[in-house]
Amino acid sequence: MSKYEPSEIEPKWQAVWRKNNLYKVDLSKSARKFYLLVEFTYPSGDLHMGHWFTFAVPDILARMKRMQGFEVFAPNGFDAFGLPAENAAIKRGIHPQDWTLSHVKRMKEQFATMGASYDWTHEVITCLPNYYKWNQWIFIKMYELGLAYRGKSLSNWCPLDRCVLANENVENGKCWRCGSEVVQKEIDQWFLKITDYAERLIWPDKSEGPERSRGKETVDWPKSLIEGQNNWIGKSEGATIEFRIKNAELRIPVFTTRPDTLFGATFLVLAPEHPLVKKLTTKEYQNLVKEYQKRASQKSEVERKVGDKDKSGIWTGSYAINPVNNESIPIYTADYVLMGYGTGAIMAVPAHDQRDFEFAKKHNLEIRQVIRQLGSKANGQNATKIPTIQVPNNLSEAFEGPGILINSGKYNNLHSKEASAKIISDLEKVDLAVKTTNYHIHDWSVSRQRYWGTPIPIIYCRKCWSDKGKVISDKSIEGRDYAIIDGEKRAIVPVPLDQLPVELPYEVDYTPKGRAPLATAEDWVNVKCPSCGGEAKRDTETMDGFVDSSWYFIRYLDPQNDKKLADTKLIYEWLPVDIYFGGAEHTLGHTMYSRFFTKFLHDIGIVPFVEYAQKRVHHGVILGPDGSRMSKSKGNVVNPDVEVAKFGADAVRIYLAFLGPYDLVTPWNPGGINGVYRYLQRVWALFQVESGTLPAGRQEWKVESELSAEDLRQMHKTIKKVSVDVENIKFNTAVAALMEWLNYLSDKSKERQLAAEEVNNYLRLLAPFAPHLAEELWDKLGFSNGKSIHLANWPQFDPKLIQSEKVLIIVQINGKVRDKIEVEADLGEDELKRIALDSEKIKIVIGKSKIQKSIVVPNRLVNIVI
RNA sequence: GCCGAGGUGGCGGAACUGGUAGACGCGCACGACUUAAAAUCGUGUAGAGUUAAACCUCUGUGAGGGUUCGAGUCCCUCCCCCGGCACCA
């Protein structure tokens with residue numbers, strides 16, 4: 001009997017599979033298509049355990065589906081643009097492109113050792129012009145529809161990387177890449193108008209029915225993601241109400257979700273950055289206000305968000321007029337009001353908003369109750385006799401719920417909801433309010449002051465502006481028609497689609513010098529304007545890498561297409577993706593952006609669906625043995641290559657599948673893989689012994705013993721369990737079922753020879769999990785006839801054989817188990833009850849007690865109540 | 001604070017629509033093999049108690065209540081961990 005040597009059999013079969021092009025997909029066969037997508041990877045250099053977990057485990061599903069007769073499309077590629085390449089290049093003087101492509105090559109070699117069945121013939125590498133050309137194409141399409149625009153905004157600026165960061169890339173006020181403190185800086189940059197899609201990106205309530213991805217099918221995405229995205233979009237409905245200023249023409253719009261509390265608005269608060277603050281501040285307060293603004297601006301993101309919530313603020317010296325009662329109320333500026341949300345100004349209702357309450361307490365402002373809590377007994381009797389004014393400061397906190405209006409003039413006694421509607425409509429008549437919906441989500445800033453990304457396909461032309469600009473300047477909009485570059489207005493001219501791609505020049509100075517690296521490539525920057533032929537300059541920034549990953553799943557279908565994103569027929573037949581594996585960390589980033597792109601591509605007629613993945617599955621995280629995240633600095637990195645060398649790829653794959661639920665975050669347990677390795681050795685040993693009994697050259701097993709009902713039951717039960725569990729991404733219990741059956745077969749093999757049917761089915765069930773071992777035994781034991789096990793049919797189970805002739809009935813007295821009796825299956829209730837009462841143990845427990853009641857669950861239990 | 005997911009042996013985790021809690025694996029203990037160890041194989045392994053041994057008794061799924069013949073599972077209150085968001089008007 002030979003020993004199980006994964007290091008011999010694994011490379012051997014990997015070579016055979018590669019040579020036979022075993023996993024080649026035929027996209028013309030879409031009738032039973034199965035598109036399995038795994039988030040593509042950044043070419044960081046070395047395949048680590050996380051990559052194995054991410055790719056090797058879903059491969060189990062890919063392989064099962066293939067054996068089940070699906071045409072499985074499981075492409076792979078590289079998300080190849082990004083900061084690390086550039087940072088490494090700056091540090092070590094290697095060109096980002098060379099760095100990236102050499103990593104791609106190396107990682108593909110490592111991928112090969114995984115024994116995974118990903119298809120590389122449709123590989124996408126985002127840093128190649130034939131890919132990013134289409135980023136540029138989409139960008140221009142968005143520009144044409146007003147969805148890409150140049151805007152100014154306070155942006156997260158990483159001083160070390162000299163780069164703008166998206167909110168999603170700021171972690172606790174620090175840059176996600178380098179960890180340095182992020183500061184706020186006003187920057188001109190390109191935005192994609194994801195806010196136009198905010199409403200459509202909201203996941204509907206289940207009760208309303210999810211947005212359809214195709215026909216009648218509904219999508220199956222994790223609840224945590226759905227809730228997370230909805231919160232991030234942060235829709236809130238209310239009104240914008242305008243407060244006039246005493247003795248001035250100015251109006252201050254404020255956003256509120258509670259127009260019903262308007263009579264309780266005793267002051268206004270403007271964000272320190274609010275442009276009206278300057279105009280509103282009276283002379284005597286100017287110095288104080290300026291000083292406050294300065295202090296507020298110096299607060300870092302962390303301080304302002306996490307730190308003190310002490311409700312600092314200062315009076316501007318001005319008053320506004322409350323539109324419902326014409327009262328004069330003071331105008332403050334305070335940093336608890338954010339410029340980035342709503343109008344940057346609020347009406348403060350301290351009795352009914354906790355923040356306003358705290359501010360009012362601190363600055364000694366009036367707190368006026370205008371909402372009475374429903375069902376509040378204290379006031380219940382006085383429902384008709386409403387106190388005209390509440391004594392200030394008799395409240396310990398704000399009451400934020402809805403209720404019945406008091407102290408609100410003609411709106412008294414109305415419920416919050418009707419009062420809100422009425423107040424808005426009354427104010428709308430005098431042009432002081434308008435119904436408004438606000439969203440927390442902001443437009444997506446996509447400009448990056450970096451080299452290693454997709455060039456923004458825009459040209460700025462001075463001549464076009466001076467020729468045409470003056471004529472249309474009244475209607476021209478900054479950011480859409482022109483941009484101010486180096487203090488000078490220039491027309492924005494998109495690169496014509498037929499001139500794409502705008503290729504990234506190879507020779508640039510990408511070391512940080514305070515301006516975008518592409519600006520140093522002067523031959524590239526200076527171009528003839530495609531519109532007027534005059535001297536013009538290219539945009540020197542590049543796109544956020546999340547643009548690349550927002551539609552790559554489409555490109556996989558047709559990565560070489562030079563005319564379109566992908567062939568239309570393929571898009572219609574193969575998308576949406578059937579299952580998409582990826583990390584929960586992409587809840588607010590990548591998956592949101594790609595949903596946005598999908599809806600946009602739908603709107604311009606490229607794709608027929610509005611959700612790109614039928615099902616989304618989150619993977620977990622493998623921590624180091626010490627329970628913390630694997631990192632080189634902690635020295636707790638488990639290197640998959642080392643584990644593969646010791647135990648083989650099959651053992652690593654199964655261990656990763658077996659650890660627990662797939663979304664589990666759990667440490668690597670060095671003992672655990674040993675157990676799995678032991679299991680594979682037992683498989684090997686058991687089936688090897690059996691093969692020894694085969695006459696040489698025999699292609700079939702001789703069944704020495706008839707399989708008993710129990711033998712068949714074990715077999716069919718396992719087939720069912722593995723099939724169902726893999727389908728439902730419960731790999732851990734599928735592995736457990738395989739182990740159980742092995743234990744059973746192992747016991748049986750002491751009494752009789754295993755049947756060919758058993759071994760054959762076992763190997764086919766094992767094949768997705770341990771593809772090399774299964775292939776080796778399949779071949780060695782003569783099942784193959786030269787055909788790979790991975791092309792064999794998936795075993796079928798017979799539900800009738802799973803049912804046992806005998807069942808174990810639990811007999812309980814008052815809900816406690818008192819006996820277990822094996823009986824024929826499917827006995828009637830009376831019969832079961834009779835058998836239960838016949839039991840000696842039961843008789844003893846019942847004794848002389850009277851039976852009150854008995855519950856019989858067929859094939860399960862009898863519960864006797866005494 | 002808000003949103004989401006959880007809390008089950010020494011550990012990772014099982015448990016269908018409420019119906020034998022602890023599958024499977026790790027670890028540990030004992031035994032076999034061995035000069036010995038490793039490897040491998042076998043047996044046991046929630047806790048406590050009675051016992052020659054238990055297939056005996058009791059207690060047990062974060063805490064406390066509740067619904068039910070019966071609750072890890074459903075409901076209420078609370079505590080704790082993890083992930084995300086956070087002065088969003």
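No experiment lies behind these values; they were computed from the predicted model shown. In what follows, chains carry the letters A, B, and so on, assigned in the order in which the sequence lines appear, proteins first and then strands, with residues in each chain numbered from 1.
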Review point. Is the base of B/G72 syn or anti, where syn means the angle lies within 90° of 0?
Key: anti
Check your understanding: Does A/Ala345 or A/Val845 map to a spot on RNA chain B nearer the 5' end, using the closest nucleotide for each?
Key -> A/Val845
**Study point:** 5'-most by nearest nucleotide on RNA chain B - A/Gly228 or A/Gln681
**Key:** A/Gly228
For [N] and [M], measure between their [atom1] atoms and round to the nearest Å.
N: B/G60; M: B/G9; atom1: C1'; value: 11 Å
N: B/U61; M: B/G7; atom1: C1'; value: 9 Å
N: B/C26; M: B/G44; atom1: C1'; value: 16 Å
N: B/G25; M: B/G42; atom1: P; value: 11 Å
N: B/G83; M: B/G31; atom1: C1'; value: 47 Å
N: B/A21; M: B/C56; atom1: P; value: 13 Å
N: B/G47; M: B/U8; atom1: C1'; value: 14 Å
N: B/A89; M: B/U17; atom1: P; value: 38 Å

Check your understanding: Quick one: do the A/Thr718 and A/Tyr762 side chains pair a donor with an acceptor below 3.5 Å?
Key -> no
Review point. Do A/Ser236 and A/Tyr341 have side-chain N/O donor and acceptor atoms under 3.5 Å apart?
Key: yes
Exercise for review: Let me know which of A/Phe243, A/Phe357, A/Phe359 forms a ring-ring contact (aromatic ring centres under 6.0 Å, His included) with A/Phe267.
Suggested key: A/Phe359
[X] [atom1] to [N] [atom2], straight-line distance once rounded to whole Å:
X: A/Glu585; N: B/G84; atom1: CD; atom2: P; result: 10 Å
X: A/Phe357; N: B/C87; atom1: CZ; atom2: C1'; result: 16 Å
X: A/Asn231; N: B/C2; atom1: CG; atom2: P; result: 13 Å
X: A/Ile654; N: B/G13; atom1: CD1; atom2: P; result: 19 Å
X: A/Glu227; N: B/C3; atom1: CD; atom2: C1'; result: 7 Å
X: A/Leu623; N: B/C82; atom1: CG; atom2: C1'; result: 11 Å
X: A/Tyr662; N: B/A5; atom1: OH; atom2: C1'; result: 18 Å
X: A/Asn863; N: B/U20; atom1: CG; atom2: C1'; result: 13 Å

Would you indicate what [X] reaches in the nucleic acid, counting non-hydrogen atoms under 4.0 angstrom: base, sugar-phosphate, or nothing?
X: A/Pro661; result: sugar-phosphate
X: A/Leu664; result: sugar-phosphate
X: A/Lys730; result: sugar-phosphate

Of all the nucleotides listed ([options]), which has the minimum atom distance to the side chain of [X]?
X: A/Leu338; options: B/U57, B/C88, B/U59; value: B/C88
X: A/Val865; options: B/C85, B/A89, B/C69; value: B/C69
X: A/Gln812; options: B/C88, B/G19, B/A89; value: B/G19
X: A/Asp335; options: B/C16, B/G13, B/C87; value: B/C87
X: A/Lys223; options: B/G42, B/G4, B/C69; value: B/G4
X: A/Arg860; options: B/C88, B/G4, B/G19; value: B/G19
X: A/Ser236; options: B/U59, B/G70, B/A89; value: B/A89
X: A/Tyr336; options: B/C87, B/A89, B/G42; value: B/C87
X: A/Trp232; options: B/A86, B/G42, B/C88; value: B/A86
X: A/Val817; options: B/C87, B/U20, B/C69; value: B/U20

Check your understanding: Taking the six-membered ring of A/Tyr439, is the NZ or CZ of A/Lys235 close enough (under 6.0 Å from the centre) and on axis enough (within 45°)?
Key -> no
Between [X] and [Y], does at least one N-O distance fall below 4.0 Å, as a salt bridge requires?
X: A/Lys748; Y: A/Glu751; result: yes
X: A/Arg653; Y: A/Glu643; result: no
X: A/Glu358; Y: A/Lys361; result: no

Would you tabulate the pairs of protein nitrogen or oxygen atoms and nucleotide nitrogen or oxygen atoms of nucleotides 22-25 of chain B closer than 3.5 angstrom?
residue	atom	partner	partner atom	Å
B/A23	O2'	A/Glu740	OE1	3.2
B/A23	O2'	A/Glu740	OE2	3.2
B/G25	OP1	A/Asn743	ND2	3.4

Can a side chain N or O of [X] be found less than 4.0 Å away from OP1 or OP2 on [N]?
X: A/Arg355; N: B/C88; result: yes
X: A/Lys816; N: B/A71; result: no
X: A/Arg818; N: B/C58; result: yes

Taking pairing as Watson-Crick or G-U wobble with both contacts under 3.5 Å, can you name the mate of [N], or confirm there isn't one?
N: B/U73; answer: none
N: B/A86; answer: none
N: B/G31; answer: B/C41
N: B/G47; answer: B/C58
N: B/C11; answer: B/G25

Review point. How about A/Ile835 and A/Val862: do any of their side-chain heavy atoms sit closer than 4.5 Å?
Key: no
Check your understanding: Taking C-beta and beyond as the side chain, do A/Asp626 and A/Trp668 meet within less than 4.5 Å on heavy atoms?
Key -> no
Point to revise | Point-to-point distance, once rounded to the nearest 0.5 Å, from CG of A/Asn743 to CD of A/Gln714 | key: 10.5 Å
Review point. Counting only distance, no hydrogens or angles, is the base of B/C55 paired donor-acceptor with the side chain of A/Lys820 under 3.5 Å?
Key: no
Exercise for review: Would you check if the distance from the ring center of A/Tyr662 to the ring center of A/Phe53 is below 6.0 Å?
Suggested key: yes
